Asks: 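The following block contains the structure, expressed as structure tokens.
What you see is a predicted model, and the numbers here were worked out from it, not measured in a lab.
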Amino acid sequence: MEKTIDARGLSCPQPVLDTLSAIAAMGSGKLTVLVDTEASKENVSRAVAAKGWRLDAVAEDGGEYRIDISKG
């Protein structure tokens, strides 16, 4: 299963909460999270690692970040 969460424009902790909700519902698969602040990037990255998901890639483009994670 693959899913994308567009959390751009949302204030912390909403991007983290949306991401944790998605990984709980998915159980495993690939997830892309889009955020637009450094703080959200760091917080989402830490939260998914704490839940046992692998951080595959983080890309920055014009102040926006794409976080690719996976499990299983």
Asks: Identify, with sequence neighbours excluded, every residue that meets salt bridge (charged side-chain N to carboxylate O under 4.0 Å, His left out) alongside Glu42.
Replies: none
Asks: Using a 3.5 Å cut-off and no angle test, enumerate the donor-acceptor pairs between side-chain atoms of residues 18-27 and protein atoms at least two apart in sequence or in another chain.
Replies:
{"from": "Asp18", "atom 1": "OD1", "to": "Gln14", "atom 2": "NE2", "distance (Å)": "2.7"}
{"from": "Thr19", "atom 1": "OG1", "to": "Pro15", "atom 2": "O", "distance (Å)": "2.7"}

Asks: Are Leu10 and Val44 joined in one hydrophobic group, where the rule is that I, L, V, M, F, W and Y side chains link up if heavy atoms are under 4.5 Å apart?
Replies: no
Asks: Donor-acceptor pairs under 3.5 Å, side chain of residues 29-36 to any protein atom, not counting sequence neighbours: which ones?
Replies:
{"from": "Thr32", "atom 1": "OG1", "to": "Asp68", "atom 2": "OD1", "distance (Å)": "2.8"}
{"from": "Asp36", "atom 1": "OD1", "to": "Gly9", "atom 2": "N", "distance (Å)": "3.4"}
{"from": "Asp36", "atom 1": "OD2", "to": "Gly9", "atom 2": "N", "distance (Å)": "2.8"}

Asks: Linking I/L/V/M/F/W/Y whenever any side-chain heavy atoms sit under 4.5 Å apart, do Ile67 and Leu17 land together?
Replies: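 As far as the 4.5 Å side-chain criterion goes, Leu17 and Ile67 are not connected within one cluster.
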Asks: With rounding to the nearest 0.5 angstrom, report the NZ to CD1 distance, Lys3 to Ile5.
Replies: 6.0 Å
Asks: Please identify each residue that fulfils side-chain hydrogen bond (donor to acceptor under 3.5 Å, both in side chains) with Ser45, with sequence neighbours left out.
Replies: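 Listed in chain order: nothing, the list is empty.
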Asks: Could you tell me which residues satisfy side-chain hydrogen bond (donor to acceptor under 3.5 Å, both in side chains) with Ser28, sequence neighbours excluded, listed by chain and number?
Replies: none
Asks: So, taking the atom named CZ in Arg8 and the one named CZ in Arg66, what distance separates them when rounded to the nearest 0.5 Å?
Replies: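 One finds 10.5 Å between CZ of Arg8 and CZ of Arg66.
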Asks: State which residues pass salt bridge (charged side-chain N to carboxylate O under 4.0 Å, His left out) with Asp56; sequence neighbours excluded, sorted by chain then number.
Replies: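 Asp56 satisfies salt bridge (charged side-chain N to carboxylate O under 4.0 Å, His left out) with Arg54 only.
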